[in-house]
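Written out below as structure tokens is the structure these notes cover.
Residue numbers count from 1 along this sequence. None of the values given here were measured: they were computed from a predicted structure.
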Amino acid sequence: MRSLAAAVKFLTSVPVPERWVGDVSTLGRSVPWFPVVGLAAGGVVAAVCYGLQFVLPALPLAVVLVALMVGVSGGLHLDGLSDTADGFLSSRPRDRVLEIMKDSHVGAMGVIAIVLVLLLKVALIASLADDTRWRLVIVAVVAGRCVFPITMMLLRYARPEGGLATIFAASATPAARRWSTLAWGVLVAPAAGYLLASWPGLVAGAASVAVSLALCGYTRYRIGGYTGDTLGAGCELTELVPLLVSVIWS
């Protein structure tokens, strides 16, 4: 269970004691737990959604839910989105993009990306019907965490000097575990979508996988692999997909 504790500590703001986590190698083996942590985090947000929808109108409720979704991860993924937007939208060569992403300062593109993503999440959640809103919130949070195993197993780490996310690299994972982890990441979101919202949920989950794969391709094209920032950006962007597909479907 140390791998599960490591996944919870890495992906959420839950204060997990260090003695439960183990060493760095434990974190490297925790990737298959990421969708499970997403399911638990989505369940917490959905429970709040279900309770508050009886006392709050749709728009204030959506703001509360988005704030909770940010709080669950401690804002870490939004930070990755900001850095990725600053780098990718700079129209600079690969090495310069990586330098920009490593800079702790937030640029104009990063601010714009955060504002647009949060506004779109609020608008989409507010547009969902009460009986489906809590279900699709779970699918969205799960889909965002499925980006991690998909990206980590398909791409190499982009920075030659290495970094924290290097421990998740596919090259450090046995082939059988790599492909099983990838399959797990691909299947969880559509399965969760179908169980929670039938065929519309299945389509929403499958669309999130398609977007995850597209983001992998674009990330590889721009910088040759993934970084911690692109993982966070992928999570934030993929969370939008089930919500958007569900609003279009309805």
(request) Using the six-membered ring wherever Trp is involved, compare the ring planes of Tyr226 and Tyr157 and label them parallel, tilted or perpendicular (cut-offs 30° and 60°). (result) perpendicular
(request) Answer yes or no: is there an ion pair linking Arg96 with Glu99, defined by an N-O contact shorter than 4.0 Å? (result) yes
(message) Would a single hydrophobic cluster contain both Val70 and Val106, if residues Ile, Leu, Val, Met, Phe, Trp and Tyr are joined by side-chain heavy-atom contacts under 4.5 Å?
(response) no
(message) Could you check whether any side-chain heavy atom of Ile125 comes within less than 4.5 Å of a side-chain heavy atom of Met69, counting everything from C-beta outward?
(response) yes
(request) Find the distance between CZ (Arg133) and CG (Leu65) and round it off to the nearest 0.5 Å. (result) 7.5 Å
(request) Specify whether Phe54 and Tyr50 have parallel, tilted or perpendicular ring planes, treating 30° as the upper limit for parallel and 60° as the lower limit for perpendicular. (result) perpendicular
(message) Do Thr151 and Thr219 make a side-chain contact, defined as non-hydrogen atoms from C-beta onward lying under 4.5 Å apart?
(response) no
(message) Could you check whether any side-chain heavy atom of Ile112 comes within less than 4.5 Å of a side-chain heavy atom of Val115, counting everything from C-beta outward?
(response) no
(request) Determine the minimum heavy-atom distance between Ala113 and Ala85, stating which atoms define it. (result) CB-CB, 3.6 Å
(message) Quick check: closest heavy atoms across Val147 and Gly234, and the distance to 0.1 Å?
(response) CG2-O, 3.6 Å
(request) For residues Trp184 and Pro35, determine if any side-chain heavy atom of one lies less than 4.5 Å from a side-chain heavy atom of the other. (result) yes
(request) I would like to know whether Arg156 and Arg220 meet side chain to side chain contact (heavy atoms under 4.5 Å, CB included); could you show each step before the answer? (result) CA-CA 9 Å; Arg156 65 179 181 86; Arg220 184 178 184 277; over 6 Å; no
(request) Using atom types as modelled and distance alone, determine if a side-chain donor or acceptor of Thr227 lies under 3.5 Å from a backbone N or O of Thr230. (result) yes
(message) Could you report the tightest heavy-atom contact between Cys216 and Leu154, atom names first, then the distance?
(response) SG-CD1, 4.4 Å
(message) Donor-acceptor check, side chain of Ser250 to backbone of Ser246, threshold 3.5 angstrom: yes or no?
(response) yes
(request) Would you name the heavy atoms of Val45 and Leu68 that are closest together and state the gap between them? (result) CA-CD2, 3.8 Å
(request) Drop me the distance from Met101's CE to Asp83's CG, to the nearest 0.5 angstrom. (result) 7.0 Å
(request) To the nearest 0.5 angstrom, please state how far the CG atom of Leu196 sits from the CG atom of Leu136. (result) 8.5 Å
(message) Do Leu195 and Val186 sit in one hydrophobic cluster, given that two such residues count as connected whenever their side-chain heavy atoms are within less than 4.5 Å of each other, even indirectly?
(response) no
(request) Identify the heavy atoms of Leu240 and Lys121 that sit nearest to each other, and give their distance. (result) CD2-CG, 3.3 Å
(request) Please confirm whether the backbone N or O of Ala140 pairs with a side-chain atom of Ser208, one donor and one acceptor, at under 3.5 Å? (result) no
(request) Flag the pair Trp134 / Val48 as yes when at least one side-chain heavy-atom distance between them is below 4.5 Å, and no otherwise. (result) no
(message) If hydrophobic clusters are built from ILVMFWY residues whose side chains come within less than 4.5 Å, do Val209 and Leu202 share one?
(response) no
(message) Hydrophobic clusters here meaning ILVMFWY residues chained together by side-chain heavy-atom distances under 4.5 Å, can you tell me if Val14 and Leu76 are in one?
(response) no
(message) Testing the basics here: between Arg94 and Ile223, what is the closest heavy-atom pair and its distance to 0.1 Å?
(response) NE-O, 2.7 Å
(message) Would Arg222 and Phe88 count as a cation-pi pair here, with the cationic atom under 6.0 angstrom from the ring centre and within 45° of the axis?
(response) yes
(request) Would you give the length of the straight line joining atom CG of Leu231 to atom CE of Met152, rounded to the nearest 0.5 angstrom? (result) 4.5 Å
(message) If the test is side chain to side chain contact (heavy atoms under 4.5 Å, CB included), which one of Thr238, Val36, Leu11 qualifies with Arg145?
(response) Leu11
(request) Kindly indicate whether the side chain of Thr12, heavy atoms from C-beta on, has any atom under 4.5 Å from the side chain of Val37. (result) yes
(request) Check for a donor-acceptor pair, side chain of Thr84 on one end and backbone N or O of Leu81 on the other, with a separation under 3.5 Å. (result) no
(message) Is any side-chain heavy atom of Val247 closer than 4.5 Å to one of Leu244?
(response) no
(message) Under 4.5 Å between side-chain heavy atoms, counting indirect links through other Ile/Leu/Val/Met/Phe/Trp/Tyr residues: same cluster for Val16 and Leu4 or not?
(response) yes
(request) Find the distance between CD1 (Ile114) and CG (Leu119) and round it off to the nearest 0.5 Å. (result) 11.5 Å
(message) Within the 4.5 Å heavy-atom criterion, are Leu128 and Leu243 side-chain neighbours or not?
(response) yes
(message) How long is the straight-line distance from SG of Cys235 back to CZ of Phe34, given to the nearest 0.5 Å?
(response) 10.5 Å
